[in-house]
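Written out below as structure tokens is the structure these notes cover.
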Amino acid sequence: MRSLKRFVLFVWNSLVHLVLKIDNSLSEYSLEKRVKTSFDTAGGIGKQTLKSLFPATGPQQIIEIGAHKGVDTEEFAVLFPGCNILSFEADPNIFSYAAKKLIKYQNVRINPFALSEGLSLTLFNVSSGAGDGSGSILKPEKHLTDHPEIRFHEQDRRVVPVATLDDVLALSNEIGHIDLIWIDVQGAELMVFRGASSALKRTNYIYAEVSTFPSYRGGVSYSDLKAFPEESGFEVEREFLPPEWNGDGNVLFKRTLEDNLNHV
């Protein structure tokens, strides 16, 4: 009887490990396929276009501000295995999810706080309903009417720590040149840039989610946001503002000053 139990347990454990192995293989295949098919569509800015900006060895340093659940983070980790990726996600619940998801990547480090133009504690407006990717340190306004399917409840707000990118990098003493800053912070982009004047001087590219009309109180419009990188020596390399996105879109800035830090 004991032998039968051992055999059953052995078979059961073997089946569990096999299922987990197959599941992991399918997940890795799905991720690889997702990365490979992330081409530009109708003028969009995909991962493959970003890949074409760098030498065959890929970028060495990416800073991602607003990682959400780590979808883009994971794609960067797979697409650029030799690149260090420093990520930030302020929503405590989403950070926990992303951190567990990304722990297997040695080249990723994710931080649980917001970036802005100073050191402080602030309330983070958590989004729910049809989507949890609209959270921000800014209070939603136009976003409420543009996306009524997404909810913001007062009781869901969370106090989060806020730092500047310059302060974070100064403390680490590990990051010099920055190949790409990838930022999606729901209208708070200009606040982040104001706290990153030193970092921007050693950055080659900035990819940002933008909006022609601010959707959050105190948020920045694309036209106002664009002025800051231009004053810092960047120009628009490509922008994607499709009509069906109702004023939302993506923009890629490229450093143009003579002291370009491109290491190619």
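Residues Ala90 and Val160 approach most closely at O-CG1, 3.4 Å, considering heavy atoms. In terms of heavy atoms, His153 sits closest to Ser128 at CD2-OG, 3.7 Å. Between Ala199 and Leu169 the shortest heavy-atom distance is CB-CD1, 3.8 Å. Residues Pro112 and Pro161 come closest through the heavy atom pair O-CG, 4.0 Å. Taking all atoms of both residues into account, the shortest heavy-atom contact from Pro59 to Cys83 is O-CB, 3.2 Å. Phe152 and Ser127 get closest at one heavy-atom pair: CE2-CB, 3.6 Å.
Counting only distance, with no hydrogens or angles, the side chain of Glu239 and the backbone of Val251 share no donor-acceptor pair below 3.5 Å. A donor-acceptor contact shorter than 3.5 Å links the side chain of Thr256 to the backbone of Gly233. Judged by distance alone, the side chain of Arg255 and the main-chain N or O of Thr203 form a donor-acceptor pair under 3.5 Å. Between the Glu231 side chain and the Pro229 main chain, no donor and acceptor come within less than 3.5 Å of each other. Remark: side-chain polar atoms of Thr145 are paired, donor with acceptor, to backbone N or O of Lys142 under 3.5 angstrom. With hydrogens and angles ignored, the 3.5 Å screen pairs no side-chain donor or acceptor of Asp248 with any backbone N or O of Ser211. Judged purely by atom type and a 3.5 angstrom limit, Asp179 uses its side chain to pair as donor or acceptor with the backbone of Gln61. At least one donor-acceptor pair closer than 3.5 Å links the side chain of Asn111 to the backbone N or O of Ser87.
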Going through the distances and angles, do His68 and Ile94 end up as a side-chain contact (heavy atoms from CB on, under 4.5 Å)? CA-CA 6 Å; His68 192 230; Ile94 293 179; 3.5 Å; yes

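Ring geometry, His147 versus His143: the interplanar angle falls from 30° to 60°, so the pair is classed tilted. Using the six-membered ring where Trp is involved, Phe193 and Phe228 have ring planes that are parallel, under 30° apart on the 30 and 60° scheme.
For Ser198, the side-chain contact (heavy atoms from CB on, under 4.5 Å) test picks out Asp166, Arg202, with sequence neighbours left out.
Of the inter-residue distances, the one linking Leu200 atom CG with Ile178 atom CD1 reads 7.5 Å to the nearest 0.5 angstrom. The line from CZ of Phe95 to CG of Leu102 is 9.5 Å long, rounded to the nearest 0.5 Å. Taken from CD in Glu141 to OH in Tyr216, the straight-line distance is 11.0 Å, to the nearest 0.5 Å.
Cation-pi contact between Lys47 and Phe76: present, with separation from the ring centre below 6.0 Å and deviation from the ring axis of at most 45°. Taking the ring centre of Tyr222 as origin, the terminal cationic atom of Lys226 falls inside the region bounded by 6.0 Å and 45° from the ring axis.
In this structure the side chain of Leu252 reaches within 4.5 angstrom of the side chain of Leu53, judged on heavy atoms.
A salt bridge links Lys139 with Glu154; the closest basic N to acidic carboxylate O contact falls under 4.0 Å.
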